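A note on names: the letters A, B, ... follow the listed sequences, proteins ahead of strands, and every chain is numbered from 1. Nothing here was measured: the structure is a model prediction, and the numbers come from that model.
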There are 2 protein chains.
Amino acid sequence: MEQRLKDNRERILKAARKLVAQGGFRAASVSAVSKAAGLSTGAIYRYFPSKSALMVEILTHAVSHEVDVLREITARADSSTDKLAAAVRSFGTRALEGRNLAYAFIAEPTDPEVEAARIVGREDFGDVFKDLLHEGIDRGEFPAQSVDVTAACIVGAFTEALVRPVAPTTLPEAAEPDLVEKIVVFCVAAVRRA
Amino acid sequence: MEQRLKDNRERILKAARKLVAQGGFRAASVSAVSKAAGLSTGAIYRYFPSKSALMVEILTHAVSHEVDVLREITARADSSTDKLAAAVRSFGTRALEGRNLAYAFIAEPTDPEVEAARIVGREDFGDVFKDLLHEGIDRGEFPAQSVDVTAACIVGAFTEALVRPVAPTTLPEAAEPDLVEKIVVFCVAAVRRA
DNA sequence: TCTATTTGTGAACGGCGATTCATTATTTTG
DNA sequence: CAAAATAATGAATCGCCGTTCACAAATAGA
């Protein structure tokens, strides 16, 4: 049945995503993925030409989805300040829900092919913030500033503040209350007077 | 001669540091280190119980040195705002001088032992900023805020803005002019909540 | 049903990096 | 200057990983 083939492909993607979410790319070896998907290692290669291709697909898919969410959310707010706050809040909240996955996609180094895909995703991401900053500067809501540097600082601030601390273990960890809101305040203050 | 033993140990550390600075931990294999140090792979194990131990020593040594520099620099400024600016500026400038080394120490994932050392160093680092923030809040220079979150955001902001972009290759890359100053402005504005 | 094609298996392969260890060179000591 | 101790060597070992492939099972088409 051709349906089963679709299902298998989906199961592989899902299993790989789960493993990356739990332990980063390092935990997603082909044998681990195949085991989690209930298939043999060889079977993986009937669905993906290489491990890198599998990882790239996971990454680009997740990133483009997140970028869509971000664009939609910013479109809803009126002022640039609100847009910025909403974007940081949304991204922060969503990243918190899947910390290790976010870490893997944002920061964890891997082989060159995946790295290239990461760079592209990172740029798509940064573009959302850059557009938003440009608009705010044009409107006079934000003072003139280097949007590239500011965008990098914003991404870095919440990456560090809520994604990084998890790197080694898989602790659920009671997050500091209002963590995301605090980061929002930090970023908004920085942008409005940077 | 016992002096030669000291020298060998030092040469190993130096060679390893250089390799990490050039290509991250990934480039610092035992055989590469031994070659660079002019010794055999086996010899490394007369001086260090494992590769991890060698890397941990490099990391903790470098971090404690950087923390010293930071403490000294902040001690020289008067206002908390100046201390903060000086700390961010100094750390940023120094990190830029050795981007890959900074990247490896701040962000590149490795084995659990090195990771543990990194976390400790990261905390020592954060403490400098936290002390500084507490003082500024007490003096009324900064509004009340979560020093933990703010410190993380600051470290993240410049990590992302000047260390990360280097991750894959060893490009010298003309850095954006005044990059460090822009980051300083960003961080100061964020902390002062202006 | 029987054959042809597609899908799945998992042991085997090749590469790489950390670690060990029998052996050799060097230094110390009596 | 021998003999014992110490240091250095680097090929071999081990473990892990991605990938392949000869074969087995399942499915499709006649």
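- Look at Ser40(B) and you'll find a side-chain N or O under 4.0 angstrom from OP1 or OP2 of dT9(D).
- Ser29(A) comes within 4.0 angstrom of sugar-phosphate atoms only, judged by non-hydrogen atoms across all strands, and of no base.
- Counting to the nearest Å, the P atom of dA25(C) and the CG atom of Leu39(B) are 17 Å from each other.
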Item to check | Arg9(B) vs Glu57(B), salt bridge (charged side-chain N to carboxylate O under 4.0 Å, His left out): CA-CA, chis, key distance, verdict | outcome: CA-CA 11 Å; Arg9(B) 196 167 196 284; Glu57(B) 181 160 335; 2.9 Å; yes
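- Phosphate contact (OP1/OP2 of dG8(C), side-chain N/O of Tyr47(A), threshold under 4.0 Å): present.
- Across the protein-nucleic acid pair, Arg11(A) atom CZ and dG8(C) atom C1' stand 12 Å apart, rounded to whole Å.
- Below 30°, between 30° and 60°, or above 60°: for Phe125(B) and Phe91(B) the angle between ring planes is above 60°, a perpendicular geometry.
- Atom-to-atom, CG of Leu54(B) to P of dG17(C) comes out at 16 Å; the value is rounded to the nearest Å.
- The Asn8(B) side chain lies nearest to dA8(D) when the options are dA8(D), dA11(D), dT9(C).
- We find that CZ of Arg26(A) is positioned 19 Å from P of dG15(D), with the value rounded to whole Å.
- Counting to the nearest Å, the P atom of dG10(C) and the CD1 atom of Ile44(A) are 13 Å from each other.
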Checklist entry - Given the rule in the salt bridge (charged side-chain N to carboxylate O under 4.0 Å, His left out) test, do Lys6(B) and Glu10(B) qualify, once you have shown the distances and angles that lead to the verdict? => result CA-CA 6 Å; Lys6(B) 280 267 178 231; Glu10(B) 214 43 60; over 6 Å; no
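- Among dA18(C), dT7(C), dA7(D), the nucleotide with an atom closest to any side-chain atom of Lys51(B) is dA18(C).
- Residue Ala43(A) places its side chain closer to dT9(C) than to any other of dT9(C), dA7(D), dT19(C).
- Residues Asp131(B) and Arg71(B) are paired through a salt bridge, judged by an N-O separation under 4.0 Å between the basic side chain and the carboxylate.
- In this structure, CZ of Phe48(B) is placed 15 Å from C1' of dA7(D), rounded to the nearest angstrom.
- Here the nucleotide nearest the side chain of Thr41(B), chosen from dG18(D), dG10(D), dA7(D), is dG10(D).
- When rounded to the nearest whole Å, the span between CZ of Phe25(B) and P of dG17(C) equals 16 Å.
- The 5' end of DNA chain C is approached more closely, in terms of each residue's nearest nucleotide, by Ser50(B) than by the other of Ser50(B) and Arg46(B).
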Next on the checklist: Determine whether Glu97(A) and Arg94(A) satisfy the following criterion, salt bridge (charged side-chain N to carboxylate O under 4.0 Å, His left out), listing intermediate values before the conclusion.
Outcome noted: CA-CA 5 Å; Glu97(A) 281 163 15; Arg94(A) 297 176 63 79; 5.3 Å; no
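- The distance from atom NZ of Lys35(A) to atom P of dG8(C) is 18 Å, rounded to the nearest whole Å.
- Judged by closest nucleotide on DNA chain D, Leu5(B) is the one of Ala28(A) and Leu5(B) placed further toward the 5' end.
- Taking the side chain of Tyr45(B) as heavy atoms from C-beta on, and the options dG18(D), dA7(D), dT19(C), the nearest nucleotide is dT19(C).
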